[in-house]
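Worth knowing before you read on, the calculation uses all heavy atoms, side chains too, and leaves out hydrogens, waters and symmetry mates. Bear in mind the structure is a predicted one, so any value in this text is a computation, not a measurement. Counting convention: from 1, in listed order, for ligands and their atoms alike.
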Amino acid sequence: MTDEPIHIIGGGLAGSEAAWQAAEAGARVVLHEMRPLRPTDAHQTDRLAELVCSNSFRADDWEANAVGLLHAEMRALGSLILRCADAHQTPAGGALAVDRDGFAEAVTRAVSAHPRIRVERGEVAGAPPADWTSVIVATGPLTSPALAAALGALTGEAELSFFDAIAPIVHAESIDMNVAWRQSRYDKAGPGGDAAAYINCPMDKAQYDAFVDALLAGPKSEFKDWEHVPYFDGCLPIEVMAERGRETLRHGPMKPVGLTNPHRPDVKAHAVVQLRQDNTLGTLWNMVGFQTKLKHGAQTEIFRTIPGLEKAVFARLGGLHRNTFLNSPRLLDAQLRLRADPRLRFAGQITGVEGYVESAAIGLVAGRLAAAERLGEPLAAPPSTTAMGALVGHITGGHLAAGAGSFQPMNINYGLLPPMDEAPRGEDGRRLGKRDRVRAKKRAIAERAMADLTAWAKARALA
Ligand SMILES: Cc1cc2nc3c(=O)[nH]c(=O)nc-3n(C[C@H](O)[C@H](O)[C@H](O)COP(=O)(O)OP(=O)(O)OC[C@H]3O[C@@H](n4cnc5c(N)ncnc54)[C@H](O)[C@@H]3O)c2cc1C
């Protein structure tokens with residue numbers, strides 16, 4: 001056991017959660033965040049845990065959705081990120097969405113006020129100094145080039161960078177509500193009871209076809225040296241989706257199902273553009289699934305052809321960004337440590353998980369593992385039957401390597417969790433129909449996860 005601090009590099013979703021968990025466990029922490037002294041291409045503030053694009057932490061149903069299960073596990077382990085998200089929720093149907101400013105401010109305040117955490121502003125612009133005996137690197141998809149180069153030299157693996165795109169945000173008052181309407185798909189109420197959490201803009205077939213043509217023809221940003229690098233499938237730019245087929249958008253973010261236009265209830269829309277509330281005031285709405293690499297002028301022109309958005313004023317247009325992540329299955333051990341230099345742990349998106357929640361979850365685990373090691377009470381990662389353990393397992397070995405570049409960023413999903421030994425049955429012991437069986441299976445996986453997580457946390461507390 002030593003009283004030397006754990007140095008955490010990067011005060012984003014993962015680094016903030018890791019710092020909190022390590023400090024709560026009793027370790028001292030120095031959190032190094034380079035903003036505002038050195039900006040990134042996407043962050044706009046000096047706050048910790050800034051959300052750079054969507055304000056959604058996705059579905060919040062722990063029994064029916066894998067990311068909802070991750071929320072529940074994190075809440076059970078005292079996650080700072082989930083606590084602040086819950087305190088700054090905005091309406092979003094069945095999803096957990098937050099007021100981004102209130103959320104990040106709350107995280108910043110809590111971390112800065114913790115007696116065992118010191119926040120130091122400044123870039124770590126090379127390999128972490130040799131006298132930092134425990135380090136968590138949580139510098140995210142936009143890891144500064146100097147540190148990325150040092151990590152590349154250390155790991156012997158070339159860093160991987162590729163394009164990803166952010167969606168535009170529209171001022172609510174500029175949306176024509178005589179054309180658009182508020183409704184959640186299938187009127188599904190969210191945690192706050194709101195069944196009208198989205199603004200919907202309808203398109204008929206001619207409008208949709210013209211829109212797809214415009215996307216295909218619109219000028220795109222240059223690829224430069226990132227050409228030929230793949231996208232995550234979950235964050236494809238709309239014009240790339242349009243390139244995959246005329247109907248792709250209508251079956252993706254623009255699907256018209258579960259919605260009825262109150263202005264024209266007898267006419268079924270051919271496609272629907274949805275916007276989700278982005279701040280507590282309800283003044284800003286982001287275009288769901290509309291991440292794009294179209295040039296800014298083209299975005300304004302093309303998105304104003306969407307019915308209801310003819311006079312849209314954009315608070316932010318879509319854009320491109322870099323993504324940096326390690327080939328973790330080869331580089332990291334089960335403790336999230338670099339095999340080549342075990343004083344370095346990794347957390348967040350740089351480990352090859354994808355998304356705010358997943359990044360924070362890996363931060364939570366890394367913070368606890370580092371603190372346990374520092375305090376002389378080594379701890380195993382959560383079991384693979386939990387969503388958190390499944391994510392750790394995937395990035396530290398669960399992925400089946402199939403050649404160079406086969407390891408790609410991954411959201412949490414049920415496929416990462418081991419299946420149940422027995423198929424769930426009805427109360428009377430009879431086989432369930434397909435829909436009920438799927439629902440019961442998810443519930444059983446969730447119940448197993450929560451029970452195993454509780455046992456893991458308890459064993460630690462008793463040790
Ligand atoms: C433009 C963009 C849009 C995205 N959109 C979404 C989305 O809509 N939904 C979603 O779930 N996920 C999205 N992602 C992924 C998202 O970044 C991650 O899910 C999440 O923010 C990653 O958390 P993190 O803590 O790993 O990294 P971050 O939250 O990015 O935090 C890393 C921190 O490290 C700091 N840093 C970097 N280098 C150094 C250094 N050398 N020294 C000191 N500090 C450093 C940065 O300033 C930053 O604060 C997006 C990513 C980008 C880049």
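Less than 4.0 angstrom separates some heavy atom of Ala14 from each of these atoms of ligand 1: 25 (O). Under a 4.0 Å criterion applied to the non-hydrogen atoms of Pro141, ligand 1 contributes the atoms 17 (O), 27 (O), 30 (O), 53 (C). Residue contact check: His32 has heavy atoms under 4.0 Å from atoms 43 (C), 44 (N) of ligand 1. Ligand-side atoms of ligand 1 in range of Ala42: 1 (C), range being under 4.0 angstrom from any heavy atom. Those atoms of ligand 1 that come under 4.0 Å of a heavy atom in Gly348, given as number and element, are 26 (O). Atom numbering of ligand 1 starts at 1 in the shown order; those under 4.0 Å from a heavy atom of Leu142 are 53 (C). Atoms of ligand 1 found under 4.0 Å from any heavy atom of Ile9 (numbered from 1 in listed order, with element): 42 (N), 43 (C). Distances below 4.0 Å separate heavy atoms of Gly355 from the following atoms of ligand 1: 10 (C), 11 (O), 12 (N), 19 (O).
Geometrically, ligand 1 and Arg58 share no nitrogen or oxygen pair separated by less than 3.5 Å. In terms of N/O distances under 3.5 Å, ligand 1 is approached by Leu13. For a threshold of 3.5 Å applied to N or O pairs, the pair formed by Leu147 and ligand 1 contains no separation below that value. Backbone and side-chain nitrogen or oxygen atoms of Arg35 are examined, and one is located within less than 3.5 angstrom of a nitrogen or oxygen of ligand 1. Of the polar atoms of Thr40, none of the N or O atoms is found under 3.5 Å from an N or O of ligand 1, judged by distance alone. Below 3.5 Å of separation, one finds an N or O of Ser144 facing an N or O of ligand 1. For Ser56, no nitrogen or oxygen atom sits less than 3.5 Å from a nitrogen or oxygen atom of ligand 1, counting backbone and side chain alike.
Contact of the His296 side chain with the Phe314 side chain is not registered, since no non-hydrogen atoms from C-beta on lie closer than 4.5 Å. Counting heavy atoms from C-beta outward, Arg343 and Trp132 have side chains that approach closer than 4.5 Å. Between Cys53 and Arg316 the shortest side-chain heavy-atom distance falls below 4.5 Å. The closest side-chain heavy-atom distance from Ile81 to Tyr356 is not below 4.5 Å. Within the 4.5 Å cutoff, the side chain of His7 has no heavy atoms near those of the Pro128 side chain.
Of the heavy atoms in Ala167, none comes closer than 4.0 Å to ligand 1. Within the 4.0 Å heavy-atom criterion, neither part of Arg38 lies near ligand 1.
Nearest heavy-atom pair, Pro382 versus Met388, reported as atom, atom and distance to 0.1 Å: CG-CB, 4.3 Å.
Residue contacts with ligand 1 include Gly122, since one of its heavy atoms falls under 4.0 Å from the ligand.
For atom 48 (C) of ligand 1, the nearest non-hydrogen atom from the set Arg121, Glu33, Arg47 comes from Glu33. Here atom 36 (N) of ligand 1 lies nearest to Met34 when heavy atoms of Glu17, Gln349, Met34 are compared. Remark: among candidates Val137, Asn411, Val52, Val67, the nearest residue to atom 51 (C) of ligand 1 is Val52, based on non-hydrogen atoms.
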Query - Evaluation steps, salt bridge (charged side-chain N to carboxylate O under 4.0 Å, His left out), between Glu247 and Arg250 - result: CA-CA 5 Å; Glu247 292 294 291; Arg250 239 168 61 74; 2.8 Å; yes

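Atom-to-atom distance recorded for Asp99:CG and Gln277:CD is 9.0 Å, nearest 0.5 angstrom. For the atom pair Ile117 CD1 and Trp20 CH2, the distance stands at 6.5 Å (nearest 0.5 Å).
Taking the ring centroids of Phe103 and Phe57, they lie under the 6.0 Å cut-off.
Between the Asn200 side chain and the Trp181 main chain, a donor and an acceptor come within less than 3.5 Å of each other. Side-chain N or O atoms of Arg345 include one that pairs as donor or acceptor with a backbone N or O of Gln335 at under 3.5 Å.
Between Asp46 and Arg121, no side-chain nitrogen of the basic residue sits less than 4.0 Å from a carboxylate oxygen of the acidic one, so the salt-bridge criterion is not met.
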